[in-house]
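The structure appears below as structure tokens.
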Amino acid sequence: MDLDAVADELYGLRPEEFVAARDRRVRDARKAGDQALAKEIGALRRPSLAAWVSNLLVRRQPEEVQPLLGLGEELRRAHRELNGTQLRRLARRQNEVIGALGRQARQLAAQAGHPVGEGVQREVEGTLHAALADPEAAREWAAGRLVKPLSSMIGFPAADEALLGRRPAPAPKKPARGGGREEREDEGRQEGTDREETAREDEARHEDKAREDKAREAEERRRRLAEAREAERDLRAHEEEADTAARAVEEAGTRLAGMEERIRELRERLRDAEQEQQRARAAERDARDRERQAGRAVREARRRAEKAAARLERPTTGAGSRG
């Protein structure tokens, strides 16, 4: 038994089964004399519901792992190269793949006996977004041992700029030397157009930033709500465990009281039997004494009878001789 094998086993279980199985493995390691391994196993954390669903997707659909990792590499490469055409194509594919995998993960959870809602599905999709954007996040996801969802805040900001077809504001033109009134008017109109375009781009950037801030706030609220719900589920699970343990203690106490009562009854019966035994022994001794006394009385009566018979016979014999 090693940590890698135990972790692989535990993170394949449903969240409510994790703690009991982990504690059993800790006891097994201690019995085997491996205290260091027992400590490492005891430090393994129970996965949140969204993390478990993400792990379930990796374990039940391993054929989906490599294509997603490959898509992430393509997206990161296009992002580095600022290839707008490639980024737009990959972004459409990204949305399709993540949406399909999120729905698959939700179906797998239901098949595993633990249906989840849209909130958990969004957290799973956020994990997939993070896996696409960050190679380290991708490796964590592909291992199938997540404890909590990966952050979905990671993205491709430069890619988004290219996808929207934005370009930096044109550099101001140098004033032409000389030139007449028409040239100056053209330059003035051009400068006005440039200012308007710059203002529109600034306004668009502000609007985008506002949308991004709202999206981050909404994601943070969803994350906090998910954490609160997970904490509530953990509380209920621990309360159920405590109730189960309390019932077990009560049942054991009842059985113990019954056995103690049974032991008292048996001891009382034993005392009664011992007393009866003593009375029987006393009666046996009395009977033997009476038997011995009766024997002596019989022997004494026999001797007296024999003597009486002997005396009776002697006078009868003398009278016959004189006649």
Side-chain angles (χ1 to χ4, degrees), residues 1-29 41-69 96-131 137-152 219 222-249 251:
M1 180 172 62
D2 58 40
L3 182 62
D4 190 63
V6 172
D8 194 58
E9 172 196 348
L10 293 179
Y11 286 105
L13 300 175
R14 302 199 321 183
E16 60 269 25
E17 300 169 339
F18 183 92
V19 174
R22 181 194 61 193
D23 293 346
R24 284 196 300 272
R25 287 305 186 187
V26 169
R27 290 193 294 270
D28 292 342
I41 295 174
L44 295 175
R45 292 176 55 199
R46 171 185 170 180
S48 70
L49 189 56
W52 171 73
V53 176
S54 297
N55 295 337
L56 188 67
L57 177 64
V58 172
R59 292 165 180 269
R60 297 286 180 86
Q61 301 285 355
E63 69 277 5
E64 302 289 353
V65 173
Q66 196 56 46
L68 189 76
L69 299 182
E96 293 171 359
V97 169
I98 288 181
L101 289 179
R103 290 188 292 273
Q104 284 185 34
R106 190 171 175 182
Q107 291 172 0
L108 290 172
Q111 292 170 7
H114 208 313
V116 297
E118 293 182 0
V120 171
Q121 181 177 335
R122 283 194 295 269
E123 289 185 276
V124 173
E125 292 174 357
T127 294
L128 297 175
H129 276 291
R139 284 190 290 271
E140 290 183 30
W141 170 73
R145 299 178 188 174
L146 293 179
V147 173
K148 60 182 180 179
L150 298 175
S151 173
S152 60
E219 182 64 27
R222 286 194 295 269
R223 185 184 64 80
R224 290 178 180 176
L225 178 60
E227 289 178 352
R229 288 175 175 171
E230 181 63 21
E232 184 179 358
R233 284 192 291 269
D234 287 341
L235 174 61
R236 285 198 297 268
H238 288 307
E239 287 177 343
E240 290 175 1
E241 292 176 1
D243 290 342
T244 301
R247 286 194 297 271
V249 169
E251 291 172 0

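The analysis underlying the following values was restricted to heavy atoms, covering all of them including side chains, and did not include hydrogens, waters or symmetry mates.
- Atoms CG and CZ, from L13 and F18 in turn, are 8.0 Å apart once rounded to the nearest 0.5 Å.
- No more than 12 heavy atoms of other residues, nucleotides or ligands lie within 6.0 Å of CZ in R60, so this atom counts as exposed by the packing criterion.
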*For the pair E17 and R46, evaluate side-chain contact (heavy atoms from CB on, under 4.5 Å) and give the outcome as yes or no after the intermediate values.*
CA-CA 9 Å; E17 300 169 339; R46 171 185 170 180; over 6 Å; no
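- Taking every heavy atom of both residues into account, W52 and A109 meet most closely at CZ3-CB, 4.0 Å.
- Residues L56 and R14 fail the side-chain proximity criterion, which asks for heavy atoms closer than 4.5 Å.
- In this structure, the separation between CD on E125 and CZ on R106 is 9.5 Å, given to the nearest 0.5 Å.
- The distance from the OG1 atom of T127 to the CD1 atom of I98 is 10.0 Å, given to the nearest 0.5 Å.
- Side-chain contact, Q111 with Q107: no donor N or O sits under 3.5 Å from an acceptor N or O.
- Atoms CG and CG, on N55 and L108 in that order, are 12.0 Å from each other to the nearest 0.5 Å.
- Across L69 and A138, no two heavy atoms sit closer than the pair CD2-CB, 3.5 Å.
- Using a 4.5 Å heavy-atom threshold, the side chains of E140 and L146 count as touching.
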Should D8 and R59 be marked as a side-chain contact (heavy atoms from CB on, under 4.5 Å) after you check the CA-CA gap, both sets of side-chain angles, and the distance that decides it? CA-CA 10 Å; D8 194 58; R59 292 165 180 269; 3.5 Å; yes
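- For the atom pair Y11 OH and L44 CG, the distance stands at 4.5 Å (nearest 0.5 Å).
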Item to complete: With side-chain contact (heavy atoms from CB on, under 4.5 Å) as the test, would you mind laying out the steps for V116 and Q121 before giving the verdict?
Response: CA-CA 7 Å; V116 297; Q121 181 177 335; 5.7 Å; no
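- Annotation: side chain of P149 is not in contact with side chain of S54 (no heavy-atom distance under 4.5 Å).
- Side-chain contact between E9 and R22 is absent, with no heavy atoms from C-beta onward closer than 4.5 Å.
- L68 pairs with exactly one of L101, V58, L57 by the side chain to side chain contact (heavy atoms under 4.5 Å, CB included) rule, that one being L101.
- Considering all non-hydrogen atoms of both residues, L49 and P15 come closest at CD1-CG, 4.3 Å.
- Across every non-hydrogen atom of A130 and A137, the tightest pair is O-CB, 3.6 Å.
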